[in-house]
Novice: 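Before I ask anything, here is the structure I am working with.
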Amino acid sequence: MASTLETTGLLAEVKDSTRRISDLVAAVRSYSQLDRASMQRTDVAEGLESTLMTLAHRVPAGVTVVREYAADVPRIQALAGELNQLWTHLVDNALDAMDGAGTLRVRTGWERSAVVVEVGDTGAGMTEEVRAHAFDPFFTTKGVGEGTGLGLDISRRIVERHGGDIGIDPRPRETVLRVRLPSVGPAARARPAAGTAG
């Protein structure tokens, strides 16, 4: 009987481990977007979720991750792989800002024909000087050898390439990086409507 119980327990562990590996492989596949290099309809929440799962090993025990995904957010025209790179930079910076303890909040919403994504942290916050230069190339508040100062500059370029905007929204007890992405991709917005003069 003891052997049977032990075997049953081991089988349950193997089954759970297999499920976790399968989930991780699916998240990495979704995150890498190897088969999706062109502009296409993209689910922002799905990209955020695969990014969070891929970075789960970076989340300390003292950090709580709060997801607030609005149900009415439409898919947008985007380069999914680039957006995942954007989410990685924002989440990584938020985790660094909290120094092992706090709340990481990831939110999606929909306003004025644009999808809004917020990545907030309850870290030490930013001074006005840091906010003024945060998106400058090579600007970093990290120590020597700890950062390149390119994360937010690359993030800004990705957002602008998608026709959107990104900014820092300091709030009481929270610093929020706010991204607005139009629901129609930049190529579609630039194309004149049928029957109009170009």
Novice: Any non-hydrogen side-chain atom of T64 less than 4.5 Å from a side-chain atom of R105?
Specialist: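 Heavy-atom side-chain distance check fails, nothing below 4.5 Å.
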Novice: Tell me, do E46 and L48 make a side-chain contact under 4.5 Å, heavy atoms counted?
Specialist: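 No - every pair of side-chain heavy atoms lies 4.5 Å or more apart.
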Novice: Could you measure the distance from the CZ atom of R156 to the CG atom of L86? Nearest 0.5 Å is fine.
Specialist: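 The CG atom of L86 is 12.5 Å from CZ of R156, to the nearest 0.5 Å.
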Novice: Do R178 and E111 meet the salt-bridge criterion of a basic N to acidic O distance under 4.0 Å?
Specialist: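 Salt bridge: yes.
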Novice: Got a salt bridge between D121 and R173, using NZ or NE/NH1/NH2 to carboxylate O under 4.0 Å?
Specialist: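 R173 and D121: not salt-bridged.
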Novice: First locate atom CZ of F135, then atom CD of E160, and finally report the distance between them rounded to the nearest 0.5 Å.
Specialist: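 Going from CZ on F135 over to CD on E160, the span is 9.5 Å.
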Novice: Does the pair R107 and V176 meet the rule for a side-chain contact (heavy atoms from CB on, under 4.5 Å), with working shown?
Specialist: CA-CA 10 Å; R107 176 190 169 272; V176 177; over 6 Å; no
Novice: Taking atom OG1 of T51 and atom CE of M53, what is their separation to the nearest 0.5 Å?
Specialist: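 CE of M53 is found 11.0 Å from OG1 of T51.
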Novice: About how many Å separate CD of Q77 and CG of L181, when rounded to the nearest 0.5 Å?
Specialist: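 It comes to 12.5 Å.
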Novice: Within the structure provided, determine whether N84 and T54 are in side-chain contact (heavy-atom separation under 4.5 Å).
Specialist: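 A side-chain contact is absent here, since even the closest heavy-atom pair is not under 4.5 Å.
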Novice: side-chain contact (heavy atoms from CB on, under 4.5 Å), that's the test. Do V115 and V117 meet it? Break it down for me.
Specialist: CA-CA 7 Å; V115 169; V117 175; 4.3 Å; yes
Novice: Compare every heavy atom of A70 with every heavy atom of G109, then report the nearest pair and how far apart it is.
Specialist: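 Heavy atoms only, the tightest pair is CA-CB, 4.1 Å.
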Novice: Could you pull out the closest heavy-atom pair between A134 and L152, with the gap in Å?
Specialist: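 Looking at all heavy atoms of both residues, the closest pair is O-CB, 3.4 Å.
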Novice: Return yes if some donor-acceptor pair links the side-chain N/O of S155 with the main-chain N/O of D153 below 3.5 Å, else return no.
Specialist: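 No; zero donor-acceptor contacts below 3.5 Å.
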Novice: Closest heavy-atom contact between L104 and A94?
Specialist: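 That closest heavy-atom pairing would be CD1-CB, 3.6 Å.
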Novice: May I ask you to say whether E118 pairs ionically with R171, meaning some side-chain N is under 4.0 Å from a carboxylate O?
Specialist: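 Yes, this pair counts.
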Novice: Where is the tightest heavy-atom contact between T122 and G102, given as atom of each residue plus distance?
Specialist: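 Of all heavy-atom pairs spanning T122 and G102, the closest is OG1-CA, 3.3 Å.
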Novice: Is there a side-chain contact between V116 and T108 in this structure, where contact means two heavy atoms from C-beta onward sitting under 4.5 Å apart?
Specialist: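 Contact flag for V116/T108 side chains = no.
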Novice: Shortest non-hydrogen contact from E68 to V66?
Specialist: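 Smallest interatomic distance, heavy atoms only, reads OE2-CG1, 3.9 Å.
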Novice: Distance-only, no hydrogens or angles: does the H162 side chain make a donor-acceptor pair with backbone N or O of L79 under 3.5 Å?
Specialist: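 Yes; at least one donor-acceptor contact below 3.5 Å.
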Novice: Any side-chain to backbone donor/acceptor pair from D136 onto F139? Under 3.5 Å, distance only.
Specialist: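 Judged by distance alone, no pair lies under 3.5 Å.
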Novice: What distance separates T88 OG1 from N93 CG, expressed to the nearest 0.5 Å?
Specialist: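 Going from the OG1 atom of T88 to the CG atom of N93 covers 11.0 Å.
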Novice: For D99, I'd like to know if atom CG has over 12 heavy atoms of other residues, nucleotides or ligands within 6.0 Å.
Specialist: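 Result for CG/D99: open.
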Novice: Can you measure from CZ (R112) to OG (S183) and round to the nearest 0.5 angstrom?
Specialist: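 OG of S183 is found 13.0 Å from CZ of R112.
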Novice: Would a 4.5 Å heavy-atom cut-off, applied to side chains only, mark L83 and I76 as touching?
Specialist: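 Heavy-atom side-chain distance check passes, below 4.5 Å.
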Novice: So V63 and T103, side-chain contact (heavy atoms from CB on, under 4.5 Å) or not? Walk me through it.
Specialist: CA-CA 5 Å; V63 170; T103 300; over 6 Å; no
Novice: State, with a plain yes or no, whether a side-chain heavy atom of R75 is found less than 4.5 Å away from one of Q40.
Specialist: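 Side-chain contact under 4.5 Å: no.
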Novice: For H89 and D92, test the side chains for any donor-to-acceptor distance below 3.5 angstrom and give the result as yes or no.
Specialist: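 The answer is no; no qualifying pair exists.
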Novice: Could you please spell out the steps behind the salt bridge (Lys or Arg N to Asp or Glu O under 4.0 Å) verdict for D96 and R58?
Specialist: CA-CA 10 Å; D96 284 344; R58 286 263 294 115; 3.2 Å; yes
Novice: Compare every heavy atom of L177 with every heavy atom of M126, then report the nearest pair and how far apart it is.
Specialist: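 Result for this residue pair: CE-CD2, 4.4 Å.
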Novice: For residues V44 and W87, determine if any side-chain heavy atom of one lies less than 4.5 Å from a side-chain heavy atom of the other.
Specialist: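 In short, these two side chains touch, coming nearer than 4.5 Å.
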